[in-house]
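I have placed the structure first, in the form of structure tokens, so that the comments after it can refer back to it.
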Amino acid sequence: MSDLDEPTVTLDVRQLGPVERKLRGALEEQLTSALQAATERVRAGYAGEPVEVVQQQLLAETRAGLHHDIADAWQPDPAELHRVAATIAHQDTIAHHAAP
């Protein structure tokens, strides 16, 4: 399984309040699940868009899979979203070049 198949969300404890710290594990699981589902949906619908567009799609799809309170508060790592988006675009490019 590649890194793209299992993107994960890790929350920075220094940026969490007391309640969020207590719920950190559950929040990370929920965010990771939403990001993984979004990655699959965006990958399935990928049609050659630039990486920046794919990154915005990932963010929108992930937030759509979360309770609005969590979605509104979540500040994802832009570098991680960019990495996942770039991997989607790169894998599509490889697949098209490998096709007969």
| message | Filter on salt bridge (charged side-chain N to carboxylate O under 4.0 Å, His left out), then keep only pairs touching residues 7-18, sequence neighbours left out; what's left? | response | Asp12-Arg14

| remark: Hits for side chain to side chain donor-acceptor pair (under 3.5 Å) against Glu61, two or more places apart or cross-chain, chain-then-number order -> Arg41

| query | Looking at residues at least two apart in the chain, or sitting in another chain, which of them share a side chain to side chain donor-acceptor pair (under 3.5 Å) with Glu80? | reply | Arg83

| message | If we ignore hydrogens and angles and just use 3.5 Å, is the side chain of Arg43 paired with the main-chain N or O of Ile88 as donor and acceptor? | response | no

| query | Quick one: side chain to side chain contact (heavy atoms under 4.5 Å, CB included) partners of Thr32, sequence neighbours excluded? | reply | Thr8, Val9, Gln36

| message | Using the rule given for side chain to side chain contact (heavy atoms under 4.5 Å, CB included), can you reason through Leu11 versus Glu20, listing the C-alpha separation, both sets of side-chain angles and the distance that settles it, and then say yes or no? | response | CA-CA 10 Å; Leu11 299 173; Glu20 291 87 1; over 6 Å; no

| query | Do side-chain atoms of Glu49 reach the backbone of Ala47 as a donor and acceptor pair under 3.5 angstrom? | reply | yes

| message | List the residues meeting side chain to side chain donor-acceptor pair (under 3.5 Å) with Arg24, not counting sequence neighbours, and say none if there are none. | response | Glu28

Side-chain donor-acceptor pairs of residues 52-60 under 3.5 Å, sequence neighbours excluded:
unit_1: Gln55; atom_1: OE1; unit_2: His82; atom_2: ND1; d: 3.1
unit_1: Gln55; atom_1: NE2; unit_2: Pro78; atom_2: O; d: 3.3

| query | At what distance, to the nearest 0.5 angstrom, does CG of Leu35 lie from CG of Leu66? | reply | 9.5 Å

| query | Linking I/L/V/M/F/W/Y whenever their side-chain heavy atoms sit closer than 4.5 Å, directly or via other members, would Leu81 and Val51 fall into one cluster? | reply | no

| request: Report yes if the side chains of Thr87 and Thr39 come closer than 4.5 Å at any heavy-atom pair, otherwise no. | output: no

| request: I would like to know whether Val19 and Leu23 meet side chain to side chain contact (heavy atoms under 4.5 Å, CB included); could you show each step before the answer? | output: CA-CA 6 Å; Val19 173; Leu23 299 173; 4.0 Å; yes

| query | Got Val13 and Arg21 here, is their nearest side-chain heavy-atom distance under 4.5 Å? | reply | yes

| request: Look up atom CH2 in Trp74 and atom OG1 in Thr62, then write down how far apart they are to the nearest 0.5 Å. | output: 4.5 Å

